[in-house]
Amino acid sequence: MNTKNKYERPVINKFYSGMMNKFGSQTIASPLKEIEGKRLNDLTDKFGSPLFVLSEKKIRQNQKSAIRIFKTRYPKVQFAWSYKTNYLNAVCKIFHQEGSWAEVVSEFEYEKAKLLGVRGENIIYNGPEKSRESLITAIKDRAKIHIDHFDELYDLIELTDELKLKARVAIRVNMDVGIFPKWDRFGFNFENGEAHQAIRRITAQKNLELIGLHTHIGTYITYAESYKVAASKLMNLANWIYDEYKITIDYIDMGGGFASLNTLKGQYLPAEQTVPSLDQYADAIANGLLEVRYKGEELPTLYLETGRALIDDAAYLISTVIANKRLSDGTRALIIDAGINFLFTSFWYKHKISQATEADAHTENTAIYGPLCMNIDCINEGMNFPAMKKGEKIVMEYVGAYNMTQWLQFIKMRPNIIMIMNDGSIELVRKAETLNYLLEQELLPLKLT
Amino acid sequence: MNKYRIPENLAISDSGFLFLASTGETFSVNEIGKEILKGIQLHKTDEEIINDLLNDYDIDKQSLQKDFDDFILQLQKNNLALL
Ligand SMILES: Cc1ncc(COP(=O)(O)O)c(C=O)c1O
């Protein structure tokens, strides 16, 4: 018997003298074959591809460690889970079990939180659109209503007078914290006196109880010191409220916005090396709050509505290679079965993508496309990636935030979402959509049949 | 059946180092890549090259054919194989 030589795919690499390629210093991730001991192929054999995989353990760890980090710097801390970041029941429930309240920005999110057993007073109701009906519910539930604009404030004045009930309110404040873009569309401005004006209005109403101050300076903020500026501005505003009205507020809500480990497009170095740690954000906020001595009777509780930083790394998206191609300029392209329809965040992130199988060590600049019949369906315009065969799996990491809420039902039905539980079992937490699911909402006029 | 040719001024070393004198560009190929280039240099057809490799290496014909086509595309992209 003649033994043949071991085969290796033929490859060619061009040498560039002293020049970095234009895609930055991406290092090739080693294969990710398992998630918490579960082989990816076994998961997709059972639940199909593409497939979102969540980790209960990771979510709990993230929340526990965030609480510890903040509580070691500031005495009173309360988290509220930002529903829009990921409002799967299974995800919200875990956060609630870890002591986090609910932060909602729409009527349906509000109802979802209540169905999950969150008490009204533990719901923070944010956002620019709150219907009168939902405000009535929130008033009756004694939820914390964060007023976004004057029209909402007038609605609340009217409603509480009609209902003869008190509403517990805070205002959302926007401010200059030295970063661009300034999120000044939401809430009342600090610098131009609008926030003070809103507070004057509120305190003049017997049915509005001012219990807190809120800000959310933006999302994926990579400059921790901005939070220090924001925190001290809110604390100064709290002191002004105490000086003027002798009102001690219950809390200062610093919103969300901490960066996760995803690397932004156009960012040269990987996020792991550039984004601040949770400790740095916590230092900035605690310093900002404590450097301004609060004059009220009791130090306000610090609320946090952290979203992406608590969930991004707790989810994976497994996808299957459909085809290999070469573009007209010779660039290798990989077509996979999950596109921007399920990975909305690929519009702004260079997602970490790994192969699930041991591939050869040779890599090539590769564009990664989704399956949609649309030119925009590009997951990565070019990254060093090993050759992959049709049918092999690849994994995208840090996909827990916003994808499972902002995903599109476009061309394809949304896939299964599973969760690996603390005890090692696997639970289906959202079923893949079917044609029937789609048709259930449709009505065909009789005239057309 | 195709027969490719490589540029006259391309030097291929035993270690798989390529030097294209006309442009000064340098490349490296792995062992199978080198075998393919040598086959082309010896004026073999693509079928002959593939059959030689099938004799010597542990690989099925279909996979090899795919890799071969892809490799030729990369050579062409770099002006290293001409039809
Ligand atoms: C009011 C509010 N709170 C919290 C969040 C969560 O933000 P992040 O996911 O950046 O932490 C957002 C998101 O933009 C928000 O608008």
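Residue numbering restarts at 1 for every chain, and letters A, B, ... go by the order of the sequence lines.
- With chain A as the partner, the residue from B/Val29, B/Ile36, B/Leu53 showing the most heavy-atom pairs under 4.5 Å is B/Val29.
- For chain A, no part of B/Leu37 is nearby; none of its heavy atoms comes within less than 4.5 Å.
- Only the backbone of A/Lys6 comes within contact range of chain B, judged by heavy atoms closer than 4.5 Å.
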Just list the side-chain donor-acceptor pairs under 3.5 Å for residues 319-326 of chain A, sequence neighbours left out, or say none.
from     : atom 1 : to       : atom 2 : distance (Å)
A/Ser319 : OG     : A/Asp337 : N      : 3.3
A/Ser319 : OG     : A/Asp337 : OD1    : 2.6
A/Ser319 : OG     : A/Ala338 : N      : 3.3
A/Thr320 : OG1    : A/Ser49  : OG     : 2.6
A/Asn324 : ND2    : A/Met388 : O      : 2.6
A/Arg326 : NE     : B/Asp70  : OD1    : 2.6
A/Arg326 : NH1    : A/Gly330 : O      : 2.8
A/Arg326 : NH1    : A/Glu364 : OE2    : 2.6
A/Arg326 : NH2    : A/Glu364 : OE1    : 3.1
A/Arg326 : NH2    : A/Glu364 : OE2    : 3.2
A/Arg326 : NH2    : B/Asp70  : OD1    : 3.1
A/Arg326 : NH2    : B/Asp70  : OD2    : 2.7

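- Using a 30° and 60° split on the angle between ring planes, A/Trp407 and A/Phe52 fall in the perpendicular class, above 60°.
- Using a 4.0 Å cut-off between a side-chain N of Lys or Arg and a carboxylate O of Asp or Glu, A/Glu433 and A/Arg414 qualify as a salt bridge.
- Contact of B/Leu20 with chain A is not made at all, since no heavy-atom distance falls under 4.5 Å.
- Of the atoms belonging to B/Asn30, heavy atoms from both backbone and side chain fall under 4.5 Å from chain A.
- Of the charged side-chain nitrogens involved, at least one lies within less than 4.0 Å of a carboxylate oxygen, so that A/Lys265 and A/Glu381 count as a salt-bridged pair.
- Here A/Lys58 pairs with A/Asp313 in a salt bridge; the nearest charged N to carboxylate O distance falls below 4.0 Å.
- B/Phe17 touches chain A through its side chain: at least one heavy atom from C-beta onward sits under 4.5 Å away, while N, CA, C and O do not.
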